[in-house]
Amino acid sequence: SWEDHTGSFSDILYHKAKGMAKITINRPEVRNAFRPLTVKEMQQALSDARFDENIGVVILTGAGDLAFCSGGDQRVRGDSGYRDDAGVHHLNVLDLQKEIRSCPKPVVAMIAGYAIGGGHVLHLICDLSIAADNARFGQTGPKVGSFDGGFGASYMASVVGQKKAREIWFLCRQYDAQQALDMGLVNTVVPLANLEIETVTWCQQILQHSPIALRMLKSAFNAGLDGQAGIQELAGNSTMLFYMTEEGQEGRNAYLEKRRPDFGKFKRQP
Ligand code: 2NE
């Protein structure tokens, strides 16, 4: 049973249970299309989940059975981005994508119905994708005068291969859940009625495993594609681990105690 942490969020629902946080885009009337506020709230919820030490895995989903997310809300698309209530234009979903990638906890997309356009890229960016048998996938950018040449292109190509990624973007076709599974876009396809229970089962299995091992693996998987920023993430985790050792702490303690550090007492590993 999920605890409700939605609070003052208007475009999303936010729940927690047994080590899991669940972020639900709650705009079913537009197939869960996002506007700048939706993305801002998703960023806030993701940050909360990241800093909550009781949370080990994050689920990203959409309200209802018809859509995970249909991308940017075209009704508020201005001439240089998506308009907020103050009239400022944003492409803040690109920041959210980076935050999902750099979140040290696994993020799992739970997909019923359409994952389309920028909504398709959102599931792609997640570490794992669990699809219901009614899920449908695709990009629409070239049809609606848009594209995602960042992770939406490069990471997609590393997931499904260059030829398939170019097909997905150039033809703007839709693919059913089985086709998505066949091309490695999703990890499994389950009956719609079992979608949440199956997703929770996957998450509970992840939660039995070492948080640091998972964290290191996620940054290792990211490192190559993310270039210098990916190396920084992996290296930051190494620094965190080093801070957790007596050898690292000896340096801090010696500084605070105004003495020379005694690193000689630590084994030099081969
Ligand atoms: C998602 C899809 C395939 C669903 O089709 P269907 O037939 O199930 O529903 P329908 O009737 O098209 O949609 C239901 C209502 O939701 C609205 C529709 O306009 C419709 O409204 P009413 O006519 O009932 O008033 N709706 C759906 N998606 C919307 C959207 N994205 N923005 C605003 N209203 C939307 C079908 O609806 C579809 O193809 N939707 C458009 C997908 C799309 O092109 N998304 C934008 C891609 S660009 C992007 O996301 C992006 C990017 O490329 C780069 C950076 C940031 C964002």
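When a ligand or atom number is given, it counts from 1 through the structure's own listing order. We're numbering straight along the sequence, starting at 1.
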I'd like to check atom 18 (C) of ligand 1 in this structure: does the protein have a heavy atom lying under 4.0 Å from it? no

Between R75 and ligand 1, is there a nitrogen or oxygen pair with a distance under 3.5 Å? no

Quick one, M216 and L241 - any side-chain contact, counting heavy atoms below 4.5 Å? yes

Per-atom filter on ligand 1: closer than 4.0 angstrom to a heavy atom of T140 are 43 (C), 44 (O), 45 (N), 46 (C), 47 (C)

Which protein heavy atom lies closest to atom 34 (N) of ligand 1, and at what distance to 0.1 Å? V30 CG1, 3.8 Å

Taking the minimum heavy-atom distance to atom 51 (C) of ligand 1, which of Y82, Y114, F147 ranks first? Y82

Out of G72, A115, S70, whose heavy atom sits nearest atom 1 (C) of ligand 1? S70

Is there a protein heavy atom less than 4.0 Å away from atom 24 (O) of ligand 1? no

Parallel, tilted or perpendicular for F263 and F266, by the 30°/60° rule? tilted

Which ligand 1 atoms does V93 reach within 4.0 Å, using its non-hydrogen atoms? 56 (C)

Does L96 belong to the same Ile/Leu/Val/Met/Phe/Trp/Tyr cluster as I125, with side-chain heavy atoms less than 4.5 Å apart forming each link? yes

Which part of V144 is near ligand 1, with near meaning a heavy atom under 4.0 Å away: side chain, backbone, both or neither? side chain

Atoms of ligand 1, numbered as shown, that sit under 4.0 Å from any heavy atom of S146: 48 (S), 51 (C), 52 (C), 53 (O), 54 (C)

Is the cationic atom of K22 (NZ for Lys, CZ for Arg) positioned less than 6.0 Å from the six-membered ring centroid of W2 and within 45 degrees of its normal? yes

Any protein heavy atom under 4.0 Å from atom 32 (N) of ligand 1? yes

Name the option, out of Q174, E29, K143, that contains the heavy atom nearest to atom 3 (C) of ligand 1. Q174

Would a 4.5 Å heavy-atom cut-off, applied to side chains only, mark R101 and F151 as touching? yes

Do the side chains of D176 and R136 get close enough for a salt bridge, i.e. N-O under 4.0 angstrom? no

Assess whether side chain to side chain donor-acceptor pair (under 3.5 Å) is satisfied between Q43 and D95, documenting all intermediate values. CA-CA 8 Å; Q43 290 176 291; D95 297 322; 4.7 Å; no

Do V93 and F34 have side chains that get closer than 4.5 Å, going by heavy atoms? yes

Under-4.0 Å protein heavy-atom contact, atom 45 (N) of ligand 1: yes

L37-M42 co-clustered via ILVMFWY side chain contacts under 4.5 Å: no

For atom 55 (C) of ligand 1, what is the closest protein heavy atom, and at what distance to 0.1 Å? L91 CD2, 3.9 Å

Strictly less than 4.0 Å: does any protein heavy-atom distance to atom 36 (C) of ligand 1 fall in that range? no

Less than 4.5 Å apart, side chain to side chain, heavy atoms only: is that true for M110 and E196? yes

Apply the test side chain to side chain donor-acceptor pair (under 3.5 Å) to residues D84 and H90: give CA-CA distance (whole Å), side-chain angles for both, the deciding distance (0.1 Å), then the verdict. CA-CA 7 Å; D84 66 16; H90 300 263; 2.8 Å; yes

Heavy-atom nearest neighbour of atom 49 (C) of ligand 1 within options G138, G113, G149, G118: G118

Intermediate values then yes/no, side chain to side chain donor-acceptor pair (under 3.5 Å), Q162 and R166: CA-CA 6 Å; Q162 284 282 345; R166 287 166 204 236; 2.6 Å; yes

For atom 9 (O) of ligand 1, is the nearest protein heavy atom closer than 4.0 Å? yes

I116 neighbourhood, listing ligand 1 atoms whose heavy-atom distance to it stays under 4.0 Å: 42 (C)

Between H123 and F137, does the ring centroid distance fall short of 6.0 Å? yes

Which ligand 1 atoms does A33 reach within 4.0 Å, using its non-hydrogen atoms? 30 (C), 31 (N), 32 (N)

Please list the nearest protein heavy atom to atom 11 (O) of ligand 1 with its residue and the distance rounded to 0.1 Å. R31 NH2, 4.3 Å

Any protein heavy atom lying closer than 4.0 Å to atom 14 (C) of ligand 1? yes

So, regarding G71 and ligand 1 (criterion: nitrogen or oxygen to nitrogen or oxygen, under 3.5 Å), is there a contact or not? no

